[in-house]
Amino acid sequence: MTSLGVVYRPQLPPENLRSVVLAAEESGVDSLWLWEDCFLESGIACASAALAWTSRLHVGVGLLPVPLRNVALTAMETATLERLFPGRVTLAVGHGVQDWMGQVGARVASPLTLLREYTLALKALLAGERVTVSGRYVNLTGVALDWPPAAPMPIYVGGLGQKTLDLAGEVGDGTVLDASADLARVRAISSTRTHPVVVYVETDSRDRAFVTDLVLQVADAGATSVILQQSATSEDPEGFVRFVGSLDGVSA
């Protein structure tokens, strides 16, 4: 089975989030995904609100730029969400847009090294371990969460380049591909993974036959979740979410 979700783009104002979230909950959309693009909206803050407003909806945050965030803080926030809303949140991390990271003084010489160290430390913290690590970028001394999740949480890794995607397959519990990935890339990545593959697909169409066929093509290429996103200039996100929710059975 391939699940079907939708994106709330951070180019939309935070005060519009609630109506879109409620539309997703009411219309039966499997999941709503949020981005932490600079310098728009906090992925964690928006996820917390979305989860609090709903009782069924699964919320994904994908992805969080790791240079921008201390790993202990991300672990604390993620664990808090999971304990408040068990089983309803998925988190994905990536190395972020390097120009943005440079703007805030967080750009590193080796984004891949940071992403590897960060993902491994984050997974260990969320597993309830006491972590001491001295890496090139991630340094923790006897850090353990007082309120870890009841069970270890999967951490997804997203990216564009092949080296980053290889790393996602190695250390991630899932892989996130953005809307630039064509069907050949989806097939190539999915064929090398035993874990979930989330694929963003951009469309503004509300032609049921077209979107159904688009989703099925990506699902047939190996995606375990297809997440539809509107373009940055599209309007009526609530209406789009309700349209996606009406596509019941399309992902079967």
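Bear in mind the structure is a predicted one, so any value in this text is a computation, not a measurement.
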Check whether any side-chain heavy atom of [X] sits under 4.5 Å from a side-chain heavy atom of [Y], and report yes or no.
X	Y	result
Leu145	Met76	yes
Glu26	Leu22	yes
Val241	Ser27	yes
Thr224	Thr2	no

Straight-line distance of [X] [atom1] to [Y] [atom2], nearest 0.5 Å:
X	Y	atom1	atom2	result
Leu63	Asp37	CG	CG	8.5 Å
Leu177	Leu165	CG	CG	6.0 Å
Leu122	Thr78	CG	OG1	6.0 Å
His95	Leu114	NE2	CG	9.5 Å

Thinking salt bridges, do Asp220 and Arg187 make one under a 4.0 Å N-O criterion? no
May I ask you to say whether Glu129 pairs ionically with Lys123, meaning some side-chain N is under 4.0 Å from a carboxylate O? no
For residues [X] and [Y], is any side-chain donor paired with an opposing acceptor at under 3.5 Å?
X	Y	answer
Ser231	Glu202	no
Gln103	Asp99	no
Ser205	Asp207	no
Ser234	Arg9	no
Ser180	Arg185	no

Are [X] and [Y] grouped together when hydrophobic residues (ILVMFWY) are joined by side-chain heavy atoms under 4.5 angstrom apart?
X	Y	result
Phe210	Val218	yes
Val176	Leu64	no
Leu214	Val197	yes

Could you tell me whether a side-chain N or O of [X] sits under 3.5 Å from a main-chain N or O of [Y], the two making a donor and an acceptor?
X	Y	value
Arg107	Met101	no
Thr192	Ile189	yes
Arg56	Glu25	yes

Single hit among Val29, Ile227, Asp30 for side chain to side chain contact (heavy atoms under 4.5 Å, CB included) with Leu4: Asp30
Can you say whether the rings of Trp33 and Tyr200 are parallel (under 30°), tilted (30 to 60°) or perpendicular (over 60°)? perpendicular
Glu235, CD: over 12 other non-hydrogen atoms inside 6.0 angstrom: no
